[in-house]
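Before any comments, here is the structure.
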Amino acid sequence: MKTKAPAVKVDDRVQAARLLHQVITVGCTTDQAFARTTDPISPLSREMVYGSLRFFFSITDQISAVLHKPIEHKDQDLWALLIVGTYQLQRMRIPPHAAINETVGACEGLGKPWAKGLVNAVLRKLALEKIPERTFDHPQWMLDLIMADYPEQAVDIFHANNRQAPMALRVNRARISPEAYRNKLAEAGIQASPGWLPETLVLEAPVSTEKLVGFASGLVSIQDAGAQFVPELIPLESTTRLLDACAAPGGKLFHLLERYPGIDATALDVSTTRLKQLDLQARRLGHDTFTTLQGDASNLEWWEGDAFDVVLIDAPCSGSGTIRRHPDIKVLRGAKDVKKYAELQLALVENLWRTLRPGGTLLYCTCSLFAEENDKVVNSFLQLSGGAPQVLEISLPVGQATQFGWQLLPTDDDPKKTTDGFYFSCLKKTV
Ligand SMILES: C[S@@+](CC[C@H](N)C(=O)[O-])C[C@H]1O[C@@H](n2cnc3c(N)ncnc32)[C@H](O)[C@@H]1O
């Protein structure tokens with residue numbers, strides 16, 4: 001007789017396996033896979049997908065070691081189910097018999113009842129055997145880059161990347177004070193502690209946006225505590241002409257508008273889909289004083305020739321600083337991507353520099369840990385531009401100085417104040 005764990009439904013495994021399959025076989029990001037799913041995604045399947053990706057390399061090594069032959073291409077959903085099953089078995093507080101039985105049962109849901117014996121055999125073997133884990137659960141190229149860039153801190157970074165990130169909020173100070181909002185949270189039974197900045201709050205436990213007080217009415221946004229440092233680095237005046245050159249979905253732009261209402265802001269992005277998301281968020285938060293442009297920031301076709309006082313480049317990047325939130329990055333990205341991003345990043349800085357007025361400031365930032373996308377991009381730009389840019393010294397209450405800027409790492413010990421990995425560099429145009 002099979003015993004069923006009461007709180008655990010077969011459907012969760014089927015859903016998790018299908019979502020994971022979208023990521024590891026089709027190549028979607030988790031965000032894309034979740035967005036494509038029409039059924040509500042249960043917290044349990046969400047956890048199984050994220051956890052399976054966090055420990056993907058160890059788990060797949062172990063499954064491969066006990067499989068007699070690889071799973072065929074047409075049955076990669078079963079491969080995903082085996083990964084989800086192994087994750088439950090090894091990393092979740094689900095009794096092994098329940099993890100195995102429910103995963104075996106999920107073969108029906110995937111329309112492959114013939115695979116029950118195989119799934120059962122693999123998981124039973126893995127329940128008995130203790131196979132050594134792959135070091136740190138990162139791909140080798142990523143281990144190499146992080147060890148080269150952070151010889152002292154690499155191990156801590158690997159561990160931090162495999163932990164869940166806290167949910168941080170940015171209170172919309174144009175609408176409510178952080179204290180008043182925190183009281184609203186407390187009334188709703190949601191505990192939060194202050195972050196690095198007055199508008200930052202960090203939740204003790206994550207909640208869905210539906211349960212987040214005042215989210216729909218624009219009192220608050222969800223934003224990593226590190227991403228919230230941008231207004232600290234570029235204090236703006238009410239007359240400032242700002243270009244946010246990679247603006248969508250608008251997190252940093254809206255933060256700047258909440259801090260410095262009245263600035264003359266232009267939001268540029270190449271992606272119409274992402275600009276639609278920016279528009280939705282703008283409406284939710286009540287921001288309607290900025291201009292939106294669709295265009296490619298690596299050329300000047302969109303520019304009418306009026307120089308900007310401040311240019312923010314929140315560049316497209318590998319996202320290696322956000323692995324805690326997006327463990328799919330470890331599975332989907334390769335070393336070649338980092339090179340491609342670095343080329344695009346340099347092209348963006350070079351091109352957008354031309355839109356900045358003399359005396360103006362450019363803030364370049366990424367959510368990457370890799371020097372190749374950070375200091376090395378700034379260095380290449382400085383080499384090319386022969387002395388006109390002045391690197392401004394910046395300093396934040398957390399993180400570390402780099403040659404040309406500041407780096408945040410996801411390794412802070414205080415769980416209430418951890419940030420994703422971010423890089424910032426501030427350049428002043430002297431002539
Ligand atoms: C890191 S995201 C920006 C996040 C945004 N600043 C925020 O805080 O919500 C990078 C953005 O750059 C955009 N992008 C990529 N290549 C671009 C290009 N050539 N020109 C303009 N935008 C680009 C992407 O569509 C993406 O929205």
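Order of appearance sets the numbers: ligands from 1, and atoms from 1 within every ligand. As the structure is a prediction and not an experimental result, all values here were calculated from the model.
If you look at Cys367 next to ligand 1, there are no close heavy atoms at all, none under 4.0 Å. Neither the backbone nor the side chain of Cys317 comes within contact range of ligand 1; no heavy atom lies under 4.0 Å. Proximity of Lys252 to ligand 1, defined as any heavy-atom pair under 4.0 Å, is shared by backbone and side chain alike.
Checking only distances, Leu348 never comes within under 3.5 Å of ligand 1, N or O to N or O.
The shortest separation from a heavy atom of Ala227 to ligand 1 is not under 4.0 Å, leaving the residue out of contact. Heavy-atom separations between Gly319 and ligand 1 are all 4.0 Å or longer. The shortest separation from a heavy atom of Leu268 to ligand 1 is not under 4.0 Å, leaving the residue out of contact.
For an aromatic pair to be called close, the ring centres must be under 6.0 Å apart, and Trp406 with Phe422 fails this.
Sparse packing is recorded around NZ of Lys184, with 12 or fewer heavy atoms of other residues, nucleotides or ligands lying under 6.0 Å away.
A side chain to side chain contact (heavy atoms under 4.5 Å, CB included) with Leu312 is found for one member of Leu233, Leu256, Leu253, Leu352 and no other, namely Leu256.
Under the 4.0 Å criterion applied to side-chain N and carboxylate O atoms, Asp77 and Arg18 are not assigned as salt-bridge partners. No salt bridge links Asp244 with Lys252; every basic N to acidic carboxylate O contact stays at or beyond 4.0 Å.
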